[in-house]
Protein chains: 2
Amino acid sequence: MRLSKRGEYGLRAMIALAEPADKSDAPQMMQIKEIALREQISTKFLEQILLTLKNAGLLHSKMGVGGGYYLARSAKEITLGQIFRVLDGPVAPIKCVSQMAYEPCGCPDEETCGLRLAMGDVRNAIADILDNTSLADVTKRQGAVRKKLGIK
Amino acid sequence: MRLSKRGEYGLRAMIALAEPADKSDAPQMMQIKEIALREQISTKFLEQILLTLKNAGLLHSKMGVGGGYYLARSAKEITLGQIFRVLDGPVAPIKCVSQMAYEPCGCPDEETCGLRLAMGDVRNAIADILDNTSLADVTKRQGAVRKKLGIK
DNA sequence: CTAATTGTCTACTAGTACTATGGGATTTAT
DNA sequence: ATAAATCCCATAGTACTAGTAGACAATTAG
């Protein structure tokens, strides 16, 4: 049940891009270097990850001087589940309960397989959280905790 | 978020051992070969897995003719979470939210890290299911589904 | 006592995935 | 033209996964 480094870094980067830079709601553009420095990630590795996210349609980019990355949609419309699946594949712990990458497992009868029933519950619980949490939800929650603790 | 083959086979074997063989509630004893055949698992591989489970205190065994494995406690007292952790390690998707194997991640402030907050929810959701589902629950549910479908 | 049966233990291997790193090509602003 | 960025491909090291192999120890039947 583990999130890979690619997944972790990708999620962190997306959250960073979702944080409102100023009062305006304008989508923020950031460069790889900038994100890498701030999140303490290898620049080259992050480059690869952001490119994957871009090719999946979650990010847009601008090349050349003054370029960078920005969210393809508003932070409200991008969920953690979307990002996770691009970088770490299906959410399901076992293929026979996967919605996006179903494959039969070895059990004689899937419908009555106890393991499958339990893992189905797990899959649903995970997907429920990941697919219903947007980047906006994450930054909002971060802000709320900060405020509560009296931190800038 | 994946269950390894070791984890899958181990869980299947434990469920098989938890299934009541006859009307009595006596703990069932089964041999490696028997389980391997029934669940279509390599005997040698399963052997290794059952041994791990035994050394973790979840199984007991009897050597020699007529020997085999049996549950160390009643099926009600063994949860999927216990088995999972022995074979696949911590349930948490990221170390900084792990209860049994905590390690700090790279974020500047853990308390306000949005990713950590979200992954903490995921960890809790998974642990909630796995730690509150016993082997008895699994076999019971299996039985209920079978009955509903009119299958033996 | 002996042989058969069953679990115990350690080591090894082939393949795959993960975590990067490096070098160049392409695009854009000045 | 030059510098600053992204784009893209290849590769290397490490660790993990899913097994396989074989010798050893304990128990029981006869």
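Labels below follow one simple rule: chain letters A, B, ... track the order of the sequence lines, proteins then strands, and each chain is numbered from 1. Quick caveat: nothing in here was measured; it's all calculated off a predicted structure.
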Review point. Which of residues 50-68 of chain A sit near DNA chain C, with a heavy atom under 4.0 Å from it?
Key: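 Close to the strand are Lys62(A), Met63(A), Gly64(A), Val65(A).
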Without decimals, in angstroms, what is the distance between [X] [atom1] and [N] [atom2]?
{"X": "Phe45(B)", "N": "dA21(D)", "atom1": "CZ", "atom2": "C1'", "result": "15 Å"}
{"X": "Arg6(B)", "N": "dC16(D)", "atom1": "CZ", "atom2": "P", "result": "12 Å"}
{"X": "Lys5(B)", "N": "dT20(D)", "atom1": "NZ", "atom2": "P", "result": "13 Å"}
{"X": "Tyr69(B)", "N": "dT27(D)", "atom1": "OH", "atom2": "P", "result": "14 Å"}
{"X": "Lys44(A)", "N": "dA5(D)", "atom1": "NZ", "atom2": "P", "result": "14 Å"}
{"X": "Lys33(A)", "N": "dA5(D)", "atom1": "NZ", "atom2": "C1'", "result": "8 Å"}
{"X": "Tyr70(A)", "N": "dT6(D)", "atom1": "OH", "atom2": "C1'", "result": "12 Å"}

Review point. Is the CD atom of Glu111(A) crowded by more than 12 outside heavy atoms at less than 6.0 Å?
Key: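 Result for CD/Glu111(A): open.
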Can you give me the closest heavy-atom contact between [X] and [Y], atom names plus distance?
{"X": "Ile78(A)", "Y": "Ala72(A)", "result": "CD1-N, 4.5 Å"}
{"X": "Ala56(B)", "Y": "Val86(B)", "result": "CB-CG2, 3.6 Å"}
{"X": "Ala18(B)", "Y": "Ala75(B)", "result": "CB-CB, 4.0 Å"}

Practice item. Report the C-alpha distance between Asn55(A) and Thr52(A) in whole Å, list the side-chain angles of each, state the deciding distance to 0.1 Å, and finish with yes or no for side chain to side chain donor-acceptor pair (under 3.5 Å). Key: CA-CA 5 Å; Asn55(A) 290 332; Thr52(A) 305; 6.0 Å; no
Review point. Are any of the side-chain heavy atoms of Tyr69(A) and Lys54(A) separated by less than 4.5 Å?
Key: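 Yes. Closest side-chain heavy atoms under 4.5 Å.
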Point to revise | Pairwise side-chain contact, Met29(B) with Lys62(B), heavy-atom cut-off 4.5 Å (strictly under) | key: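 Yes, close enough: below the 4.5 Å cut-off.
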Point to revise | For chain A, the stretch of DNA chain C it reaches, first to last nucleotide, under 4.0 Å of its heavy atoms | key: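 Range of nucleotides touched by chain A: dT19(C) to dA29(C).
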Check your understanding: Is the backbone of Lys5(A) close enough, under 3.5 Å, to the side chain of Glu8(A) for a donor and an acceptor to pair up by distance?
Key ->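 Checked: no pair found.
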Exercise for review: Ignoring hydrogens and angles, tell me if any N or O in the side chain of Arg116(A) forms a donor-acceptor pair with the backbone of Glu110(A) under 3.5 Å.
Suggested key: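 Checked: pair present.
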Exercise for review: With DNA chain C as reference, determine whether Gln48(B) or Thr43(A) sits nearer its 5' end, using the nearest nucleotide of each.
Suggested key: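 Looking at DNA chain C, the more 5' nearest nucleotide goes with Gln48(B).
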Practice item. Return the 5'-most residue of the pair Tyr9(A), Glu47(B) with respect to DNA chain C, ranking by each residue's nearest nucleotide. Key: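 On the 5' side of the pair lies Glu47(B).
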Check your understanding: Taking OP1 and OP2 of dT20(D), is either one under 4.0 Å from a side-chain nitrogen or oxygen of Ser42(B)?
Key ->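 Yes, Ser42(B) has a side-chain N/O under 4.0 Å of OP1/OP2 on dT20(D).
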